[in-house]
There are 2 protein chains.
Amino acid sequence: MLGYGVVMSGRTPAAAAGSATTTTTGSPARPSARGRIDKREAILATAFVVFAREGYAQATLDAIAAEARVAKHTIYNHFGDKQTLLRAAIAAEADRAMAKNLAAVDRLRDHDGDLRATLEDVGSQLVACYCDERGWALRRLLYAEISQFPDLLDIITGRASDPVTEALADRLARLALAGHLRAGDPAAAAEQLAALLTGSLEARCRYGTRVISAAEQHAVARAAVDTFLHAFGTAPGPAGTPAAGEGDPAARC
Amino acid sequence: MLGYGVVMSGRTPAAAAGSATTTTTGSPARPSARGRIDKREAILATAFVVFAREGYAQATLDAIAAEARVAKHTIYNHFGDKQTLLRAAIAAEADRAMAKNLAAVDRLRDHDGDLRATLEDVGSQLVACYCDERGWALRRLLYAEISQFPDLLDIITGRASDPVTEALADRLARLALAGHLRAGDPAAAAEQLAALLTGSLEARCRYGTRVISAAEQHAVARAAVDTFLHAFGTAPGPAGTPAAGEGDPAARC
DNA sequence: CTAAATCTGCACTGGTCGGTGCACTGTAAC
DNA sequence: GTTACAGTGCACCGACCAGTGCAGATTTAG
(Lines give C-alpha, C1' and ligand atoms only; values in the text may rest on other atoms or scores of the structure.)
Protein backbone atom coordinates (compact mmCIF):
# COMPACT_ATOMS: atom_id res chain seq x y z
CA MET A 1 0.00 0.00 0.00
CA LEU A 2 2.41 2.60 -1.14
CA GLY A 3 3.04 2.38 -4.84
CA TYR A 4 -0.66 2.44 -5.75
CA GLY A 5 0.35 1.27 -9.21
CA VAL A 6 -0.95 4.47 -10.66
CA VAL A 7 2.39 6.16 -10.74
CA MET A 8 3.96 3.40 -12.69
CA SER A 9 1.44 3.56 -15.49
CA GLY A 10 2.84 4.38 -18.88
CA ARG A 11 6.51 4.05 -18.19
CA THR A 12 8.78 3.24 -21.04
CA PRO A 13 10.57 -0.09 -20.55
CA ALA A 14 13.92 1.58 -20.98
CA ALA A 15 13.07 4.19 -18.37
CA ALA A 16 11.97 1.51 -15.93
CA ALA A 17 15.26 -0.30 -16.44
CA GLY A 18 17.17 2.90 -15.94
CA SER A 19 15.55 3.80 -12.64
CA ALA A 20 15.96 0.21 -11.51
CA THR A 21 19.75 0.36 -11.77
CA THR A 22 20.87 3.72 -10.43
CA THR A 23 18.22 6.29 -9.50
CA THR A 24 17.56 7.63 -5.97
CA THR A 25 17.10 10.99 -7.72
CA GLY A 26 19.88 12.87 -5.99
CA SER A 27 22.47 10.95 -7.98
CA PRO A 28 26.18 11.31 -7.18
CA ALA A 29 27.77 14.62 -7.97
CA ARG A 30 28.68 13.54 -11.49
CA PRO A 31 27.48 16.52 -13.50
CA SER A 32 24.91 16.08 -16.25
CA ALA A 33 25.12 12.28 -16.01
CA ARG A 34 25.47 12.07 -19.74
CA GLY A 35 23.92 9.23 -21.62
CA ARG A 36 22.28 7.73 -18.61
CA ILE A 37 18.57 7.39 -18.53
CA ASP A 38 17.45 9.09 -15.37
CA LYS A 39 16.10 11.67 -17.77
CA ARG A 40 12.64 10.55 -16.88
CA GLU A 41 13.08 11.31 -13.21
CA ALA A 42 14.54 14.69 -14.04
CA ILE A 43 11.65 15.50 -16.32
CA LEU A 44 9.08 14.50 -13.72
CA ALA A 45 10.70 16.51 -10.95
CA THR A 46 11.21 19.57 -13.11
CA ALA A 47 7.74 19.36 -14.59
CA PHE A 48 6.20 19.34 -11.13
CA VAL A 49 8.17 22.38 -10.09
CA VAL A 50 7.36 24.34 -13.21
CA PHE A 51 3.68 23.36 -13.23
CA ALA A 52 3.38 24.38 -9.59
CA ARG A 53 5.14 27.65 -10.20
CA GLU A 54 3.41 28.74 -13.40
CA GLY A 55 0.19 26.78 -13.45
CA TYR A 56 -0.68 24.17 -16.05
CA ALA A 57 -1.70 26.50 -18.85
CA GLN A 58 1.12 28.98 -18.39
CA ALA A 59 3.82 26.37 -18.09
CA THR A 60 5.45 25.68 -21.43
CA LEU A 61 7.09 22.45 -22.46
CA ASP A 62 10.02 24.46 -23.76
CA ALA A 63 10.59 25.82 -20.26
CA ILE A 64 10.34 22.39 -18.67
CA ALA A 65 12.69 20.93 -21.24
CA ALA A 66 15.23 23.69 -20.74
CA GLU A 67 15.06 23.51 -16.96
CA ALA A 68 15.41 19.73 -16.98
CA ARG A 69 18.35 19.97 -19.40
CA VAL A 70 16.54 17.81 -21.88
CA ALA A 71 15.32 18.13 -25.46
CA LYS A 72 11.65 18.85 -25.86
CA HIS A 73 11.38 15.76 -27.98
CA THR A 74 12.52 13.60 -25.10
CA ILE A 75 9.54 14.70 -23.07
CA TYR A 76 7.21 13.72 -25.87
CA ASN A 77 8.98 10.38 -26.18
CA HIS A 78 8.31 9.65 -22.52
CA PHE A 79 4.89 11.09 -21.92
CA GLY A 80 3.20 11.73 -25.22
CA ASP A 81 1.55 15.01 -24.40
CA LYS A 82 1.28 17.77 -21.84
CA GLN A 83 -1.69 16.37 -19.96
CA THR A 84 -0.06 12.99 -19.42
CA LEU A 85 3.04 14.73 -18.14
CA LEU A 86 0.98 16.69 -15.64
CA ARG A 87 -0.74 13.58 -14.36
CA ALA A 88 2.51 11.67 -14.02
CA ALA A 89 4.25 14.53 -12.26
CA ILE A 90 1.41 14.98 -9.80
CA ALA A 91 1.14 11.24 -9.20
CA ALA A 92 4.83 10.98 -8.38
CA GLU A 93 4.75 13.89 -6.00
CA ALA A 94 1.52 12.74 -4.36
CA ASP A 95 3.05 9.34 -3.67
CA ARG A 96 6.00 10.98 -2.04
CA ALA A 97 3.80 13.13 0.17
CA MET A 98 1.47 10.28 1.05
CA ALA A 99 4.35 8.05 2.10
CA LYS A 100 5.72 10.78 4.32
CA ASN A 101 2.35 11.29 5.97
CA LEU A 102 1.77 7.61 6.57
CA ALA A 103 5.23 7.23 8.03
CA ALA A 104 4.42 9.97 10.52
CA VAL A 105 1.14 8.38 11.56
CA ASP A 106 2.84 5.04 11.87
CA ARG A 107 4.96 6.31 14.73
CA LEU A 108 1.85 6.02 16.87
CA ARG A 109 2.40 2.29 16.65
CA ASP A 110 5.26 2.18 19.11
CA HIS A 111 3.66 4.26 21.82
CA ASP A 112 5.41 3.67 25.11
CA GLY A 113 4.30 5.90 27.95
CA ASP A 114 3.41 9.54 27.49
CA LEU A 115 0.47 9.75 25.14
CA ARG A 116 0.51 13.53 24.96
CA ALA A 117 4.16 13.56 23.98
CA THR A 118 3.65 10.88 21.36
CA LEU A 119 0.69 12.69 19.85
CA GLU A 120 2.60 15.95 19.79
CA ASP A 121 5.46 14.24 18.07
CA VAL A 122 3.22 12.76 15.39
CA GLY A 123 1.31 16.03 15.12
CA SER A 124 4.50 17.96 14.61
CA GLN A 125 5.54 15.66 11.82
CA LEU A 126 2.18 15.93 10.10
CA VAL A 127 2.38 19.69 10.46
CA ALA A 128 5.82 19.63 8.92
CA CYS A 129 4.47 17.64 5.97
CA TYR A 130 1.74 20.20 5.52
CA CYS A 131 4.11 23.15 5.67
CA ASP A 132 6.56 21.57 3.28
CA GLU A 133 7.16 23.73 0.25
CA ARG A 134 6.51 20.82 -2.09
CA GLY A 135 3.41 19.92 -0.14
CA TRP A 136 2.05 23.39 -0.74
CA ALA A 137 2.98 23.26 -4.38
CA LEU A 138 1.07 20.01 -4.74
CA ARG A 139 -1.99 21.34 -2.97
CA ARG A 140 -2.00 24.54 -5.02
CA LEU A 141 -1.71 22.60 -8.21
CA LEU A 142 -4.58 20.33 -7.24
CA TYR A 143 -6.86 23.18 -6.28
CA ALA A 144 -5.99 24.90 -9.51
CA GLU A 145 -6.48 22.08 -11.97
CA ILE A 146 -9.04 19.85 -10.31
CA SER A 147 -11.85 21.36 -12.32
CA GLN A 148 -9.98 20.77 -15.56
CA PHE A 149 -8.73 17.31 -14.59
CA PRO A 150 -11.19 15.74 -12.18
CA ASP A 151 -9.41 12.42 -12.50
CA LEU A 152 -6.50 13.83 -10.51
CA LEU A 153 -8.49 12.91 -7.43
CA ASP A 154 -8.26 9.22 -8.22
CA ILE A 155 -4.59 9.58 -9.02
CA ILE A 156 -3.56 11.04 -5.70
CA THR A 157 -5.51 8.73 -3.42
CA GLY A 158 -5.59 4.99 -3.65
CA ARG A 159 -9.01 3.44 -3.44
CA ALA A 160 -9.50 4.95 0.01
CA SER A 161 -10.86 8.46 0.16
CA ASP A 162 -8.23 9.64 2.63
CA PRO A 163 -5.64 7.01 3.53
CA VAL A 164 -3.86 9.21 6.06
CA THR A 165 -6.90 9.94 8.19
CA GLU A 166 -7.90 6.30 7.94
CA ALA A 167 -4.51 5.17 9.15
CA LEU A 168 -4.76 7.67 11.96
CA ALA A 169 -8.17 6.28 12.88
CA ASP A 170 -6.67 2.80 13.04
CA ARG A 171 -4.01 3.90 15.49
CA LEU A 172 -6.47 5.84 17.62
CA ALA A 173 -8.73 2.80 17.75
CA ARG A 174 -5.91 0.74 19.22
CA LEU A 175 -5.17 3.44 21.75
CA ALA A 176 -8.82 3.59 22.76
CA LEU A 177 -8.94 -0.17 23.13
CA ALA A 178 -5.93 0.03 25.42
CA GLY A 179 -7.74 2.56 27.55
CA HIS A 180 -5.57 5.53 26.61
CA LEU A 181 -8.40 7.34 24.84
CA ARG A 182 -12.13 7.55 25.34
CA ALA A 183 -14.02 4.90 23.45
CA GLY A 184 -16.10 6.15 20.55
CA ASP A 185 -15.89 6.47 16.81
CA PRO A 186 -12.18 6.46 16.00
CA ALA A 187 -12.87 7.84 12.55
CA ALA A 188 -14.54 10.87 14.10
CA ALA A 189 -11.64 11.33 16.50
CA ALA A 190 -9.12 11.10 13.70
CA GLU A 191 -11.07 13.61 11.67
CA GLN A 192 -11.13 16.10 14.53
CA LEU A 193 -7.43 15.75 15.22
CA ALA A 194 -6.55 16.11 11.58
CA ALA A 195 -8.87 19.10 11.31
CA LEU A 196 -7.24 20.80 14.29
CA LEU A 197 -3.81 20.36 12.75
CA THR A 198 -4.47 21.27 9.14
CA GLY A 199 -7.20 23.78 9.81
CA SER A 200 -4.98 25.95 11.94
CA LEU A 201 -2.23 25.76 9.38
CA GLU A 202 -4.51 26.60 6.49
CA ALA A 203 -5.39 29.85 8.22
CA ARG A 204 -1.84 30.66 9.22
CA CYS A 205 -0.08 29.86 5.97
CA ARG A 206 -2.05 32.41 3.97
CA TYR A 207 -2.40 30.18 0.94
CA GLY A 208 1.18 29.06 1.25
CA THR A 209 2.69 32.50 0.98
CA ARG A 210 3.78 32.64 4.61
CA VAL A 211 6.49 30.41 6.00
CA ILE A 212 5.87 28.86 9.38
CA SER A 213 8.86 28.61 11.69
CA ALA A 214 9.66 25.32 13.36
CA ALA A 215 8.70 26.83 16.70
CA GLU A 216 5.34 27.96 15.39
CA GLN A 217 4.76 24.56 13.84
CA HIS A 218 5.36 22.95 17.18
CA ALA A 219 3.03 25.36 18.92
CA VAL A 220 0.27 24.52 16.48
CA ALA A 221 0.77 20.81 17.10
CA ARG A 222 0.73 21.34 20.86
CA ALA A 223 -2.44 23.38 20.76
CA ALA A 224 -4.15 20.83 18.53
CA VAL A 225 -3.18 17.91 20.72
CA ASP A 226 -4.23 19.81 23.82
CA THR A 227 -7.69 20.47 22.44
CA PHE A 228 -7.90 16.92 21.17
CA LEU A 229 -7.02 15.37 24.51
CA HIS A 230 -9.57 17.52 26.29
CA ALA A 231 -12.21 16.09 24.04
CA PHE A 232 -11.03 12.53 23.55
CA GLY A 233 -8.60 11.80 26.38
CA THR A 234 -9.56 9.64 29.33
CA ALA A 235 -10.55 12.62 31.42
CA PRO A 236 -8.59 13.09 34.66
CA GLY A 237 -8.72 9.33 34.78
CA PRO A 238 -6.22 6.50 35.13
CA ALA A 239 -4.33 6.51 31.83
CA GLY A 240 -1.10 8.30 31.00
CA THR A 241 -2.66 11.74 30.69
CA PRO A 242 -3.05 13.41 34.08
CA ALA A 243 -4.94 16.42 32.75
CA ALA A 244 -1.49 17.81 31.91
CA GLY A 245 -1.69 20.84 34.17
CA GLU A 246 -3.43 23.11 31.69
CA GLY A 247 -0.55 23.38 29.22
CA ASP A 248 -1.26 26.87 28.01
CA PRO A 249 -3.06 26.31 24.73
CA ALA A 250 -1.14 27.68 21.78
CA ALA A 251 1.75 29.82 22.87
CA ARG A 252 1.66 32.18 19.92
CA CYS A 253 4.96 32.86 18.25
CA MET B 1 -15.33 47.57 7.79
CA LEU B 2 -16.96 46.02 4.84
CA GLY B 3 -16.17 47.89 1.68
CA TYR B 4 -12.42 47.81 2.21
CA GLY B 5 -12.14 50.40 -0.50
CA VAL B 6 -10.18 47.99 -2.60
CA VAL B 7 -13.12 46.81 -4.55
CA MET B 8 -14.10 50.24 -5.58
CA SER B 9 -10.70 51.06 -7.04
CA GLY B 10 -10.69 51.85 -10.71
CA ARG B 11 -14.38 52.20 -11.30
CA THR B 12 -15.51 54.35 -14.16
CA PRO B 13 -17.60 57.30 -12.99
CA ALA B 14 -20.41 56.28 -15.29
CA ALA B 15 -20.40 52.77 -13.94
CA ALA B 16 -20.50 54.06 -10.39
CA ALA B 17 -23.45 56.24 -11.27
CA GLY B 18 -25.16 53.32 -12.92
CA SER B 19 -24.88 51.01 -9.96
CA ALA B 20 -25.94 53.82 -7.68
CA THR B 21 -29.29 54.11 -9.39
CA THR B 22 -30.50 50.59 -10.06
CA THR B 23 -28.20 47.64 -9.38
CA THR B 24 -28.77 44.94 -6.72
CA THR B 25 -27.42 42.53 -9.34
CA GLY B 26 -30.49 40.33 -9.67
CA SER B 27 -32.35 43.11 -11.42
CA PRO B 28 -36.07 42.74 -12.23
CA ALA B 29 -36.95 40.26 -14.89
CA ARG B 30 -36.60 42.83 -17.65
CA PRO B 31 -34.57 40.92 -20.20
CA SER B 32 -31.23 42.28 -21.41
CA ALA B 33 -31.84 45.67 -19.73
CA ARG B 34 -30.83 47.45 -22.90
CA GLY B 35 -28.94 50.68 -22.70
CA ARG B 36 -28.55 50.58 -18.97
CA ILE B 37 -25.15 50.51 -17.43
CA ASP B 38 -25.12 47.55 -15.11
CA LYS B 39 -22.76 46.11 -17.70
CA ARG B 40 -19.98 46.41 -15.21
CA GLU B 41 -21.69 44.21 -12.68
CA ALA B 42 -22.48 41.64 -15.33
CA ILE B 43 -18.87 41.59 -16.48
CA LEU B 44 -17.55 41.16 -12.94
CA ALA B 45 -19.93 38.34 -12.12
CA THR B 46 -19.34 36.53 -15.38
CA ALA B 47 -15.60 37.03 -15.22
CA PHE B 48 -15.49 35.45 -11.78
CA VAL B 49 -17.45 32.44 -12.93
CA VAL B 50 -15.37 31.92 -16.04
CA PHE B 51 -12.05 32.47 -14.28
CA ALA B 52 -13.03 30.00 -11.58
CA ARG B 53 -14.18 27.46 -14.11
CA GLU B 54 -11.29 27.66 -16.57
CA GLY B 55 -8.45 29.18 -14.58
CA TYR B 56 -6.90 32.53 -15.31
CA ALA B 57 -4.73 31.52 -18.23
CA GLN B 58 -7.30 29.34 -19.94
CA ALA B 59 -10.12 31.80 -19.59
CA THR B 60 -10.44 33.95 -22.68
CA LEU B 61 -11.80 37.45 -22.78
CA ASP B 62 -13.86 36.46 -25.77
CA ALA B 63 -15.60 33.83 -23.68
CA ILE B 64 -16.23 36.24 -20.83
CA ALA B 65 -17.55 38.84 -23.22
CA ALA B 66 -19.85 36.37 -24.92
CA GLU B 67 -21.14 34.93 -21.65
CA ALA B 68 -21.74 38.40 -20.20
CA ARG B 69 -23.56 39.45 -23.37
CA VAL B 70 -21.12 42.28 -23.86
CA ALA B 71 -18.64 43.38 -26.49
CA LYS B 72 -15.02 42.58 -25.77
CA HIS B 73 -14.28 46.25 -26.14
CA THR B 74 -16.57 47.08 -23.25
CA ILE B 75 -14.49 44.95 -20.95
CA TYR B 76 -11.37 46.81 -21.96
CA ASN B 77 -13.16 50.12 -21.47
CA HIS B 78 -13.96 49.18 -17.89
CA PHE B 79 -10.90 47.31 -16.73
CA GLY B 80 -8.06 47.98 -19.12
CA ASP B 81 -6.58 44.53 -19.18
CA LYS B 82 -7.08 40.92 -18.12
CA GLN B 83 -5.14 41.14 -14.88
CA THR B 84 -7.12 44.09 -13.62
CA LEU B 85 -10.31 42.26 -14.46
CA LEU B 86 -9.19 39.25 -12.45
CA ARG B 87 -8.33 41.38 -9.44
CA ALA B 88 -11.61 43.25 -9.57
CA ALA B 89 -13.65 40.07 -9.95
CA ILE B 90 -11.91 38.39 -7.04
CA ALA B 91 -12.19 41.49 -4.88
CA ALA B 92 -15.93 41.71 -5.46
CA GLU B 93 -16.50 38.06 -4.70
CA ALA B 94 -14.23 38.13 -1.65
CA ASP B 95 -16.17 41.04 -0.23
CA ARG B 96 -19.39 39.13 -0.66
CA ALA B 97 -18.00 36.06 1.07
CA MET B 98 -16.41 38.05 3.87
CA ALA B 99 -19.64 39.87 4.61
CA LYS B 100 -21.51 36.59 4.78
CA ASN B 101 -18.97 35.12 7.19
CA LEU B 102 -18.96 38.15 9.44
CA ALA B 103 -22.74 38.17 9.54
CA ALA B 104 -22.68 34.57 10.72
CA VAL B 105 -20.18 35.27 13.48
CA ASP B 106 -22.14 38.29 14.52
CA ARG B 107 -25.04 36.12 15.55
CA LEU B 108 -23.00 35.19 18.61
CA ARG B 109 -23.76 38.69 19.80
CA ASP B 110 -27.34 38.01 20.79
CA HIS B 111 -26.68 34.84 22.74
CA ASP B 112 -29.58 34.13 25.05
CA GLY B 113 -29.42 30.84 26.88
CA ASP B 114 -28.13 27.67 25.29
CA LEU B 115 -24.49 28.21 24.34
CA ARG B 116 -24.14 24.89 22.59
CA ALA B 117 -27.13 25.58 20.40
CA THR B 118 -25.91 29.07 19.57
CA LEU B 119 -22.46 27.82 18.64
CA GLU B 120 -23.92 25.07 16.51
CA ASP B 121 -26.07 27.61 14.75
CA VAL B 122 -23.13 29.88 14.00
CA GLY B 123 -21.00 26.89 13.11
CA SER B 124 -23.59 25.64 10.67
CA GLN B 125 -23.71 28.98 8.96
CA LEU B 126 -19.94 29.18 8.68
CA VAL B 127 -19.95 25.67 7.30
CA ALA B 128 -22.56 26.67 4.78
CA CYS B 129 -20.39 29.59 3.68
CA TYR B 130 -17.45 27.24 3.25
CA CYS B 131 -19.45 24.72 1.24
CA ASP B 132 -20.98 27.37 -0.96
CA GLU B 133 -20.23 26.77 -4.61
CA ARG B 134 -18.99 30.31 -5.06
CA GLY B 135 -16.93 30.03 -1.93
CA TRP B 136 -15.17 27.03 -3.38
CA ALA B 137 -14.68 28.78 -6.67
CA LEU B 138 -13.05 31.69 -4.89
CA ARG B 139 -10.77 29.47 -2.86
CA ARG B 140 -9.74 27.46 -5.90
CA LEU B 141 -8.97 30.59 -7.81
CA LEU B 142 -6.88 31.97 -4.98
CA TYR B 143 -4.89 28.79 -4.53
CA ALA B 144 -4.35 28.65 -8.24
CA GLU B 145 -3.20 32.19 -8.93
CA ILE B 146 -1.65 33.30 -5.66
CA SER B 147 1.83 32.53 -6.93
CA GLN B 148 1.25 34.59 -10.06
CA PHE B 149 -0.54 37.42 -8.25
CA PRO B 150 0.68 37.60 -4.66
CA ASP B 151 -1.12 40.89 -4.18
CA LEU B 152 -4.43 39.04 -4.22
CA LEU B 153 -3.83 38.39 -0.54
CA ASP B 154 -4.05 42.08 0.28
CA ILE B 155 -7.10 42.41 -1.90
CA ILE B 156 -9.18 39.77 -0.15
CA THR B 157 -8.42 40.70 3.44
CA GLY B 158 -8.57 44.19 4.86
CA ARG B 159 -5.63 45.21 6.99
CA ALA B 160 -6.34 42.33 9.36
CA SER B 161 -4.83 38.99 8.50
CA ASP B 162 -8.07 37.11 9.06
CA PRO B 163 -11.03 39.31 9.96
CA VAL B 164 -13.42 36.42 10.43
CA THR B 165 -11.36 34.59 13.03
CA GLU B 166 -10.64 37.89 14.73
CA ALA B 167 -14.33 38.70 14.96
CA LEU B 168 -14.93 35.22 16.31
CA ALA B 169 -12.24 35.79 18.92
CA ASP B 170 -13.98 39.00 19.97
CA ARG B 171 -17.25 37.21 20.54
CA LEU B 172 -15.61 34.32 22.40
CA ALA B 173 -13.85 36.80 24.65
CA ARG B 174 -17.16 38.30 25.67
CA LEU B 175 -18.56 34.84 26.34
CA ALA B 176 -15.56 33.96 28.48
CA LEU B 177 -15.90 37.18 30.41
CA ALA B 178 -19.52 36.31 31.09
CA GLY B 179 -18.41 32.95 32.44
CA HIS B 180 -19.82 30.88 29.62
CA LEU B 181 -16.39 29.74 28.44
CA ARG B 182 -13.10 29.03 30.16
CA ALA B 183 -10.87 32.05 30.41
CA GLY B 184 -7.77 31.98 28.26
CA ASP B 185 -6.55 33.29 24.95
CA PRO B 186 -9.69 33.96 22.92
CA ALA B 187 -7.64 34.12 19.73
CA ALA B 188 -6.42 30.58 20.34
CA ALA B 189 -9.94 29.41 21.05
CA ALA B 190 -11.25 31.02 17.89
CA GLU B 191 -8.48 29.45 15.89
CA GLN B 192 -9.27 26.00 17.20
CA LEU B 193 -12.98 26.33 16.56
CA ALA B 194 -12.41 27.63 13.06
CA ALA B 195 -9.91 24.85 12.44
CA LEU B 196 -12.36 22.19 13.56
CA LEU B 197 -14.98 23.53 11.21
CA THR B 198 -12.96 24.20 8.09
CA GLY B 199 -10.47 21.41 8.59
CA SER B 200 -13.14 18.75 8.59
CA LEU B 201 -14.74 20.25 5.54
CA GLU B 202 -11.48 20.51 3.65
CA ALA B 203 -11.04 16.79 4.01
CA ARG B 204 -14.63 15.93 3.16
CA CYS B 205 -15.08 18.18 0.18
CA ARG B 206 -12.27 16.58 -1.81
CA TYR B 207 -11.04 19.83 -3.25
CA GLY B 208 -14.56 21.04 -3.85
CA THR B 209 -15.57 18.15 -6.08
CA ARG B 210 -17.91 16.60 -3.55
CA VAL B 211 -21.14 18.25 -2.47
CA ILE B 212 -21.96 18.16 1.21
CA SER B 213 -25.60 17.66 2.10
CA ALA B 214 -27.25 19.98 4.58
CA ALA B 215 -27.48 17.10 7.04
CA GLU B 216 -23.78 16.36 6.74
CA GLN B 217 -22.95 20.03 7.13
CA HIS B 218 -24.92 20.12 10.33
CA ALA B 219 -23.19 17.01 11.62
CA VAL B 220 -19.80 18.55 10.99
CA ALA B 221 -20.80 21.68 12.90
CA ARG B 222 -22.15 19.61 15.79
CA ALA B 223 -18.99 17.53 16.03
CA ALA B 224 -16.80 20.62 15.91
CA VAL B 225 -18.77 22.42 18.59
CA ASP B 226 -18.79 19.31 20.74
CA THR B 227 -15.03 19.00 20.62
CA PHE B 228 -14.66 22.72 21.13
CA LEU B 229 -16.85 22.77 24.24
CA HIS B 230 -14.96 19.86 25.75
CA ALA B 231 -11.80 21.88 25.47
CA PHE B 232 -13.03 25.41 26.14
CA GLY B 233 -16.39 25.07 27.87
CA THR B 234 -16.84 25.67 31.57
CA ALA B 235 -16.56 22.00 32.37
CA PRO B 236 -19.62 20.47 34.07
CA GLY B 237 -19.86 23.83 35.75
CA PRO B 238 -22.51 26.44 36.35
CA ALA B 239 -23.05 27.99 32.92
CA GLY B 240 -25.62 27.05 30.34
CA THR B 241 -23.80 23.92 29.17
CA PRO B 242 -24.61 20.94 31.41
CA ALA B 243 -22.10 18.59 29.73
CA ALA B 244 -24.82 18.00 27.16
CA GLY B 245 -25.18 14.29 27.81
CA GLU B 246 -22.36 13.19 25.53
CA GLY B 247 -24.01 14.22 22.28
CA ASP B 248 -22.59 11.47 20.14
CA PRO B 249 -19.72 13.15 18.31
CA ALA B 250 -20.23 13.31 14.58
CA ALA B 251 -23.13 11.19 13.47
CA ARG B 252 -21.72 10.27 10.08
CA CYS B 253 -24.07 10.60 7.18
C1' DC C 1 32.22 -3.91 -35.60
C1' DT C 2 26.77 -3.42 -36.43
C1' DA C 3 22.11 -2.49 -35.08
C1' DA C 4 18.61 -0.69 -32.25
C1' DA C 5 17.19 2.64 -29.34
C1' DT C 6 17.43 7.05 -27.28
C1' DC C 7 18.60 11.84 -27.12
C1' DT C 8 19.44 16.37 -29.38
C1' DG C 9 18.98 20.74 -32.06
C1' DC C 10 16.41 23.19 -35.23
C1' DA C 11 12.96 24.60 -38.08
C1' DC C 12 8.14 24.62 -39.09
C1' DT C 13 2.94 24.53 -38.78
C1' DG C 14 -1.42 25.49 -37.17
C1' DG C 15 -4.09 27.39 -33.84
C1' DT C 16 -5.22 30.42 -30.07
C1' DC C 17 -5.60 34.73 -27.75
C1' DG C 18 -4.55 39.50 -25.73
C1' DG C 19 -5.02 43.74 -27.27
C1' DT C 20 -6.06 47.52 -30.81
C1' DG C 21 -8.28 50.34 -34.55
C1' DC C 22 -12.28 51.79 -36.88
C1' DA C 23 -16.81 52.74 -38.27
C1' DC C 24 -21.20 52.68 -36.47
C1' DT C 25 -25.42 52.76 -33.24
C1' DG C 26 -28.13 54.20 -29.37
C1' DT C 27 -28.90 57.21 -25.50
C1' DA C 28 -28.71 61.34 -22.59
C1' DA C 29 -27.73 66.25 -21.83
C1' DC C 30 -27.95 70.96 -23.48
C1' DG D 1 -30.77 70.08 -33.52
C1' DT D 2 -25.68 68.63 -31.74
C1' DT D 3 -22.32 67.22 -28.66
C1' DA D 4 -20.57 63.62 -25.73
C1' DC D 5 -20.21 59.11 -24.40
C1' DA D 6 -20.92 54.10 -23.62
C1' DG D 7 -21.49 50.24 -26.23
C1' DT D 8 -21.18 47.15 -30.56
C1' DG D 9 -19.29 44.29 -34.43
C1' DC D 10 -15.56 43.14 -37.09
C1' DA D 11 -11.21 42.69 -38.77
C1' DC D 12 -6.56 42.56 -37.71
C1' DC D 13 -1.71 42.16 -35.69
C1' DG D 14 1.75 40.00 -33.11
C1' DA D 15 3.11 36.83 -29.84
C1' DC D 16 3.16 32.55 -27.91
C1' DC D 17 2.96 27.55 -27.90
C1' DA D 18 1.69 22.36 -28.46
C1' DG D 19 3.06 19.18 -31.32
C1' DT D 20 5.71 17.26 -35.57
C1' DG D 21 9.47 16.12 -38.85
C1' DC D 22 14.08 15.45 -39.81
C1' DA D 23 18.94 14.76 -39.66
C1' DG D 24 22.58 13.71 -36.87
C1' DA D 25 24.95 12.45 -32.40
C1' DT D 26 25.41 9.19 -28.63
C1' DT D 27 24.73 5.19 -26.09
C1' DT D 28 23.82 0.24 -25.18
C1' DA D 29 23.46 -4.54 -26.60
C1' DG D 30 25.16 -8.31 -29.32
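Reminder, nothing fancy here: chain letters follow the sequence lines and each chain counts from 1. The structure displayed is predicted, hence computed values, not measured ones.
In terms of phosphate contacts, B:Thr74 brings a side-chain nitrogen or oxygen within less than 4.0 Å of OP1 or OP2 of D:dT8. The side chain of B:His73 contributes no N or O atom lying less than 4.0 Å from OP1 or OP2 of C:dG19. OP1 or OP2 of C:dT8 has at least one side-chain nitrogen or oxygen of A:Lys39 nearer than 4.0 Å. Distances shown here put every side-chain N or O of A:Lys82 at or beyond 4.0 Å from the OP1 or OP2 atom of D:dC17.
Nucleotide C:dC17 holds its P atom 18 Å from the CD atom of B:Gln83, rounded to whole Å. The distance from atom NE2 of B:His78 to atom P of D:dC5 is 15 Å, rounded to the nearest whole Å. With rounding to whole Å, B:Ile75 atom CD1 is found 13 Å from D:dG9 atom P. A:Glu54 has its CD atom 14 Å from the P atom of D:dC16, to the nearest Å. The nearest whole Å value for the distance from the CG atom in A:Leu85 to the C1' atom in D:dA18 is 12 Å. Going from atom CG of B:Asp62 over to atom C1' of C:dG15 covers 14 Å, rounded to whole Å. Distance B:Lys72 NZ to C:dG18 C1': 7 Å, rounded to the nearest Å. Distance, B:Asn77 CG to C:dC22 P: 15 Å, rounded to whole Å.
Each of D:dA18, C:dG18, C:dT8 was ranked by its minimum atom distance to the side chain of A:Leu61; first place goes to D:dA18. Between C:dT8, D:dT8, D:dG19, one nucleotide has an atom nearer to the side chain of A:Asp81 than all others, and that is D:dG19. Comparing C:dG9, D:dT8, D:dA18 against the side chain of A:Ala71 picks out C:dG9 as the nearest. Nearest nucleotide to the B:Tyr76 side chain, out of C:dT8, D:dT20, C:dT20: C:dT20.
Between A:Arg96 and A:Asp132 there is a salt bridge, since at least one side-chain N of the basic residue sits less than 4.0 Å from a carboxylate O of the acidic one. Using a 4.0 Å cut-off between charged nitrogen and carboxylate oxygen, A:Glu145 and A:Arg87 do not count as a salt-bridge pair. A salt bridge does not link A:Asp162 with B:Arg204: every distance from a Lys NZ or Arg NE/NH1/NH2 to an Asp or Glu carboxylate oxygen is 4.0 Å or more.
Using a 4.0 Å heavy-atom cutoff across all strands shown, B:Ala59 reaches sugar-phosphate atoms only and no base atom.
Counting heavy atoms from C-beta outward, B:Tyr143 and A:Leu141 have side chains that stay 4.5 Å or more apart. The side-chain heavy atoms of A:Gln83 and A:Phe149, taken from C-beta on, include a pair separated by under 4.5 Å.
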